[in-house]
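Right, one structure below, let's go through it.
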Amino acid sequence: MRGPAESAAPGTSRGHLAAFAALSASYFAHIGFFNPYLPLWLKDLGLPIFTISLLASVQSITRVFAPYAWGALSDHTGHRVLLLRISAAIALVSTFGLYGAGGPWWLALVLLLMFTHTSSMMSLTEAAMAHLVAGDWGRYGRIRLWGSAGFLVTVFFAGEWFERFGMRQFPAWASGTLAVVLIATLRLPDVREPAVASSVGKEPIGPVLREPAVRWFFGSLFFQVMAHFSVYGFLSLYLDSIGYGKGAIGLLWALSVVAEILWFFLQGRLLGRFAMPRWLVICGVAAVLRLGITAGLGQWVWALVAAQALHALSFAAHHTTCIAMVSRYFPGRLRGRGQALFTVIGYGFGGVLGVLAGGAIAQRFGFVSMFAVATAVAGIGTGCAWRAKRLSAAAAAPTLA
């Protein structure tokens, strides 16, 4: 385990926090329309389910290599904000390739370019925000809830738009939302970390990765996120297949985000009740319940409402818990690489396997079987979280035991 929590970032002001809140809102506004409705747009183009799953997996594939490369570069230079601006600009330009819709290979190339840059933004933003909030997870939640609010707005209004006008305007939505992201990055303060950029030598990451608690933590992250890609990649297609309209699909997505916002608003009061490794276990149990309900009771609206409400724990609480633990394990000159590993292991490797396996299972056995398998995967992740908790307690870490 690493040392004590870092001191507050110098020069932090309400203006800095507001700028990061605006970036969070705009970035997740883009995600809120793009991720839920990309499969439906691809379906509208006439592509089969497995091809859709392959194209959806491009985002996860880029998260295998892009975040760590960008994170290492940001650790070396300290220019996290500049790299965010570059990523947003290239991602915006790449969306123009969606207008042609020139077949699966062309779409794969365009998505590869776009996702290589948008997938890096999560880890770069989280690293900059972790430095900014300096361990105040209540303040982190108040920034992050604006991201959830942005997601909520676009997932709802995009659903209504696509229900009324069809999926043809999907590329225009991609360009418009990423243009807003680019504007938000241009308004960020320059939070370059001089001590990181000017340090002599490069602090090795290997000793941290050899700690058993860290390995089991990353194992829990991998399986938890892999299981959730049944939701991220296929919930919209699943609901569409059993008769839910696009407006209803948008409302169910929006419900999960309302639960997420409530959690982020309250987490400053709630997180202190348990140590972070215990929260990891709680979030795993919530994931098992959520995916199990979705698998077995999808025809019942009230059951889907309950499942989506569990998003507060299975995603929101889990996300903050992971960011806090990564910040603890990987402080200072390790921060960028640590946050990148969070993205690579969870949303990269976990995402690739989750989407590809989910698509193969759904195509052959149906969506219900796919969600049942995802429930079992979430159970494995919960077991890893339990092991990480036991190891943390044995190590008697002051803030994580």
So which heavy atom on Val58 is nearest to which on Ala108, and how close? CG1-O, 4.2 Å

Please list, one pair per line, the donor and acceptor atoms closer than 3.5 Å that link side chains of residues 349-358 to other protein atoms, with sequence neighbours excluded.
none

Treating Ser24 as the side-chain partner and Ala21 as the backbone partner, does any N or O pair qualify as donor plus acceptor under 3.5 Å? no

Contact list for residues 288-317, test salt bridge (charged side-chain N to carboxylate O under 4.0 Å, His left out), sequence neighbours left out: none

Rounded to the nearest 0.5 Å, what separation is found between the CG atom of Leu145 and the CG atom of Leu152? 11.5 Å

Between Thr116 (side chain) and Leu112 (backbone), is there a donor-acceptor pair under 3.5 Å? yes

How about Trp173: does its CH2 atom have over 12 heavy atoms from other parts shown lying under 6.0 Å from it? yes

Hey, are the side chains of Gln299 and Ile242 touching, using non-hydrogen atoms and a 4.5 Å cut-off? yes

Once salt bridge (charged side-chain N to carboxylate O under 4.0 Å, His left out) is applied, what residue pairs with a partner in residues 248-274 remain, sequence neighbours excluded? Arg144-Glu260

Rounded at 0.5 Å granularity, tell me how far CG in Leu235 sits from CD1 in Ile249. 7.5 Å

Summary of salt bridge (charged side-chain N to carboxylate O under 4.0 Å, His left out) pairs that have at least one residue in residues 29-50, sequence neighbours excluded: Lys43-Asp240

What I'd like to find out is whether the side chain of Phe217 reaches to under 4.5 Å of the side chain of Leu391, using heavy atoms alone. no

Tell me, do Ser327 and Ile323 make a side-chain contact under 4.5 Å, heavy atoms counted? yes

Check whether any side-chain heavy atom of Leu304 sits under 4.5 Å from a side-chain heavy atom of Leu239, and report yes or no. yes

Non-neighbouring partners of Thr95 that pass side chain to side chain donor-acceptor pair (under 3.5 Å), sequence neighbours left out: Ser175

Can you find a heavy atom in the side chain of Leu255 that is under 4.5 Å from one in the side chain of Leu251? no

Derivation of the side-chain contact (heavy atoms from CB on, under 4.5 Å) call for Gln224 and Cys283: CA-CA 9 Å; Gln224 176 92 346; Cys283 296; 4.3 Å; yes

Side-chain polar contacts of residues 155-165 - donor-acceptor pairs under 3.5 angstrom, sequence neighbours left out - could you list them?
| unit_1 | atom_1 | unit_2 | atom_2 | d |
| --- | --- | --- | --- | --- |
| Glu163 | OE1 | Lys246 | N | 2.6 |
| Glu163 | OE1 | Gly247 | N | 3.2 |

With sequence neighbours excluded, what pairs up with Trp279 under the ring pair (Phe, Tyr, Trp, His ring centres under 6.0 Å) test? Trp263, Phe274

Checking side-chain contact (heavy atoms from CB on, under 4.5 Å) for the pair Val281/Ser220: CA distance, chi angles, key distance, verdict? CA-CA 9 Å; Val281 175; Ser220 72; over 6 Å; no

Between the main-chain N or O of Thr294 and the side-chain N or O of Tyr238, is there a donor-acceptor pair closer than 3.5 Å? yes

Side chain to side chain donor-acceptor pair (under 3.5 Å) against Ser236, all qualifying residues, sequence neighbours excluded: Trp253

Heavy-atom closest pair (Ala213 atom, Tyr329 atom, distance to 0.1 Å) is CB-OH, 3.9 Å

Check whether any side-chain N or O of Thr154 sits under 3.5 Å from a backbone N or O of Ala29 as a donor-acceptor pair, and report yes or no. yes

Report the residues that fulfil ring pair (Phe, Tyr, Trp, His ring centres under 6.0 Å) with His318, sequence neighbours left out, ordered by chain and then residue number. none

For Phe170, enumerate each residue passing the ring pair (Phe, Tyr, Trp, His ring centres under 6.0 Å) test, keeping only those at least two apart in sequence or located in another chain. Phe33, Phe34, Trp41

How long is the straight-line distance from CE of Met276 back to CE of Met325, given to the nearest 0.5 Å? 9.0 Å

Can you check side-chain contact (heavy atoms from CB on, under 4.5 Å) on Val257 and His311, steps first, answer last? CA-CA 8 Å; Val257 182; His311 189 74; 5.6 Å; no

Taking C-beta and beyond as the side chain, do Thr382 and Val288 meet within less than 4.5 Å on heavy atoms? yes

Tell me the closest heavy-atom pair linking Ser94 and Met114, and the distance in Å. OG-CB, 3.1 Å

For Leu40 and Met167, run side-chain contact (heavy atoms from CB on, under 4.5 Å): C-alpha distance rounded to whole Å, both residues' side-chain angles, the deciding distance at 0.1 Å, then the answer. CA-CA 8 Å; Leu40 295 178; Met167 301 299 301; 4.1 Å; yes

Give the minimum heavy-atom separation between Phe222 and Ile345, together with the two atoms involved. CD1-O, 3.5 Å

Counting N and O atoms only, with roles assigned by atom type, does the side chain of Arg278 sit under 3.5 Å from a partner on the main chain of Lys389, one being a donor and the other an acceptor? no

With a 4.5 Å limit on heavy-atom distance, are the side chains of Ser87 and Thr185 in contact? no

Distance, nearest 0.5 Å, that separates CG of Leu262 from CZ of Phe264: 11.5 Å

Quick check for you: to the nearest 0.5 Å, what is the distance between Ser314 atom OG and Leu289 atom CG? 10.0 Å

Nearest heavy-atom contact between Leu47 and Pro104 is CD2-CG, 3.9 Å

How close do Ser230 and Leu291 get, heavy atom to heavy atom, and via which atoms? OG-CD2, 3.4 Å

Phe265: partners by ring pair (Phe, Tyr, Trp, His ring centres under 6.0 Å), with sequence neighbours left out: none

Close aromatic pair by centroid cut-off 6.0 Å: Phe223 and His228: no

CG on Leu113 to OG1 on Thr118, rounded to 0.5 Å: 9.5 Å

Do Phe367 and Ile49 have side chains that get closer than 4.5 Å, going by heavy atoms? yes

All side chain to side chain donor-acceptor pair (under 3.5 Å) counterparts of Ser256, not counting sequence neighbours: none

When you measure from the side chain of Trp106 to the backbone N and O of Gly97, does any donor-acceptor pair fall under 3.5 Å? yes

